[in-house]
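Structure first, then comments.
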Amino acid sequence: MFSKILIANRGEIAVRIMRTAKEMGIGTVAVYSDADRKALHVLSADEAVYIGPSNPLESYLDADKIIDAAKVTKAQAIHPGYGFLSENAQFAEKTAANGLTFIGPKGDVMARLGDKIEARKLAQQSGVPTVPGRIVAETDEKELFEFCEQAGYPVLIKAAAGGGGKGMRVVRKPDELLSAARQASNEALGAFGNGAIFIEKYLERPRHVEIQVLADHHGNVVHLFERECSIQRRHQKIIEEAPCPVMDPELRERMGRAAVDLVRDAGYENAGTVEFLLDEDRNFYFLEVNTRLQVEHPITEAITGLDLVKLQLEIASGAKLPFKQKDLTLRGHAFECRIYAENPEENFMPAPGKIMFSQHPEGPGVRMDSGVYAGFTVPVQYDPILAKLVTSAQDRNAAIDRMIRALKETVVLGAGTSLEYMADVLNSQEFRDGNTHTGFLDEHFPGWTASHEGDDLALIGFAARRLLEARGLQTFQPEESPTDEPLPWASLDAGELAEQAGYTGAIDAFEG
């Protein structure tokens, strides 16, 4: 096993990887940009190396700087997390060429599966159905229009070299095609350093269902069941669950076998995910392979009792998988809500800022993977994910109820979030009935507005704490007061509290 690893990422995923590494007695090295000098992953690591400006092209996407950091700190392996260089085959190959272990698949396998044309060919060879599509250059107008005429509208354009919803555009009319292609290509270039795009027939109302796989260096491959990730905004997941609510043993066996056969035929090693679209007639189609750890991996951990990062590290060090497919069983139901600094009332526009106060939920079956803390300023240069909230319970409805409770207990002051939005989605009857699909939010929650219920209480509480601290007074809960004297804030007006603590914009909300 490794004695030290470098995590080539930031935020909550870097912190999450470090936690498992520390439990295994493995030293951790963080890398950071100008914007992340005080980030939680930097504070959590045993060592940290500065790698450049806030622009990711000059820091987190600079393979040479990251490899140099690993060599300087004598790390033996690099874990890429997700995003950035996690699916960059050249980075994986360069890591190996420098005598370091890349915690993921080999570069040539990643390149093959990362190429959507090659991955589709391999899927077809493995007997997995595929949606019609092809990779094109953004400037090749003839090929773009030719494909759309053959496949028919609508079509989906997406980045050929990465995932996470980056570069995705749905095109329903010919006059939208070229503009969407240019936008998708530019977004893909900024996110992955590669502007190539893939175009395919767009399926209406499918479920997005993915199979988690693990493969070691000894030919053993298993799947860890499925996740449904249909609740998406701008083609990026925000709520995921495991297992899929419409899955039955026969369909699970077929999809799981398809995923295992595909990655085995590709010579894949380590953790990966095979993504499918599942239509209303329960036909499934290969979508893509994510050759990395997924954002939503905690819900698989919740229903299997396994630590996927621990398994990744063990596989990368040469160990065999410690179980067979027959040894794996499902345990209950789990949900994940991604907490972004964004405003759902403004088409989920990023809403970063300085986090003045945060409160995490607690209780049985609740997990929070966070990458921020009170006092940290959320950078504008990166994906605005703050944390991932995970709940698990014995059945789907109990897990939903637990998640709603946990969302309501979560407080983030200073940055916008979609906490209330996600609670409303989870509590809707259509969601509770399991009638989900990739267009669910557009269909059921257009023009959603927040009730802002509870905002006053949260701001008053925060304002009171900051004001009392500024006056040098100790803060007590009412039941903790050591005397019978009135507590310091008892006679203070809420507006005064807000104003003196710097929340002048909230005064109107506190009237009366």
Side-chain angles (χ1 to χ4, degrees), residues 56-57 61 83-84 87 114-120 130-208 229-238 275-277 279 285-290 295 340 342-350 380-384 437-448:
L57 288 172
L61 287 170
F84 292 131
E87 293 180 282
D115 183 317
K116 290 185 168 53
I117 291 292
E118 288 300 312
R120 286 165 55 83
T130 58
V131 179
R134 70 176 69 164
I135 194 167
V136 298
E138 173 264 321
T139 54
D140 195 333
E141 298 182 15
K142 180 180 178 182
E143 190 169 7
L144 284 168
F145 282 108
E146 181 183 273
F147 173 82
C148 294
E149 289 172 5
Q150 293 173 354
Y153 291 91
V155 297
L156 178 66
I157 297 175
K158 56 188 178 181
K166 301 297 184 185
M168 278 198 179
R169 299 290 188 279
V170 176
V171 180
R172 298 185 179 278
K173 299 182 296 184
D175 60 2
E176 301 172 352
L177 182 59
L178 295 182
S179 174
R182 283 192 293 269
Q183 292 172 10
S185 179
N186 289 336
E187 189 173 328
L189 182 63
F192 309 112
N194 185 335
I197 56 175
F198 186 80
I199 185 168
E200 66 185 14
K201 176 64 179 172
Y202 182 67
L203 299 179
E204 300 279 8
R205 297 176 63 86
R207 293 176 186 265
H208 184 133
C229 311
S230 299
I231 305 303
Q232 306 174 5
R233 52 97 173 105
R234 299 200 306 272
H235 306 290
Q236 190 173 42
K237 310 160 191 173
I238 59 171
E275 301 198 345
F276 299 95
L277 294 177
D279 69 18
Y285 303 91
F286 171 74
L287 185 60
E288 63 185 359
V289 179
N290 288 138
V295 179
Y340 288 93
E342 63 185 11
N343 185 353
E345 294 180 278
E346 298 293 337
N347 195 30
F348 299 94
M349 289 295 293
V380 299
Q381 293 88 353
Y382 313 120
D383 188 275
H437 56 87
T438 57
F440 185 89
L441 298 182
D442 290 336
E443 180 177 322
H444 295 287
F445 288 88
W448 177 88

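Along the sequence shown, residues carry numbers from 1. Just so you know, these numbers come straight off a predicted model, no measurement behind them.
Look at Arg234 and Glu187 and you find no salt bridge, because none of the NZ, NE, NH1 or NH2 atoms lies under 4.0 Å from a carboxylate O.
Of all heavy-atom pairs spanning Asn290 and Glu288, the tightest one is ND2-OE2, 3.8 Å. Pairing each heavy atom of Leu144 with each of Ala181, the nearest pair is CD1-CB, 3.9 Å. Taking each heavy atom of Val170 and His235 in turn, the nearest pair found is CG2-CE1, 3.2 Å. Annotation for Phe348 and Arg233: closest pair CG-CD, 3.6 Å, computed over non-hydrogen atoms. Of all non-hydrogen atoms in Trp448 and Pro344, the two that sit nearest each other are CZ3-CG, 3.5 Å. Annotation for Thr438 and Arg207: closest pair CG2-C, 4.5 Å, computed over non-hydrogen atoms.
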(message) Is there a side-chain contact (heavy atoms from CB on, under 4.5 Å) between Ile157 and Gln183? Walk through the geometry before answering.
(response) CA-CA 10 Å; Ile157 297 175; Gln183 292 172 10; over 6 Å; no
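To the nearest 0.5 Å, atom CG of residue Leu277 and atom OH of residue Tyr285 are 9.5 Å apart. For the atom pair Ser185 OG and Asn194 CG, the distance stands at 8.5 Å (nearest 0.5 Å). Atom CD1 of Ile231 and atom NZ of Lys237 lie 12.5 Å apart (nearest 0.5 Å).
Of the possible donor and acceptor atoms, one in the side chain of Asn343 sits under 3.5 Å from a partner among the backbone N and O of Glu345.
Taking the side chain as every heavy atom from C-beta outward, Leu177 and Cys148 approach each other to under 4.5 Å. With contacts defined as side-chain heavy-atom distances shorter than 4.5 Å, the pair Ile238/Leu441 qualifies.
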Do any side-chain atoms of residues 195-205 form donor-acceptor pairs under 3.5 angstrom with protein atoms, and if so which ones, sequence neighbours left out?
unit_1 : atom_1 : unit_2 : atom_2 : d
Glu200 : OE2    : Lys158 : NZ     : 3.3
Lys201 : NZ     : Gly152 : O      : 3.2
Lys201 : NZ     : Tyr153 : O      : 3.2
Glu204 : OE2    : Arg172 : NH1    : 2.9
Arg205 : NE     : Glu280 : OE2    : 3.4
Arg205 : NH1    : His437 : NE2    : 3.2
Arg205 : NH1    : Glu443 : OE1    : 2.4
Arg205 : NH1    : Glu443 : OE2    : 3.4

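The aromatic rings of Phe84 and Tyr382 sit perpendicular, their planes meeting at an angle over 60°, well past the 30° parallel limit.
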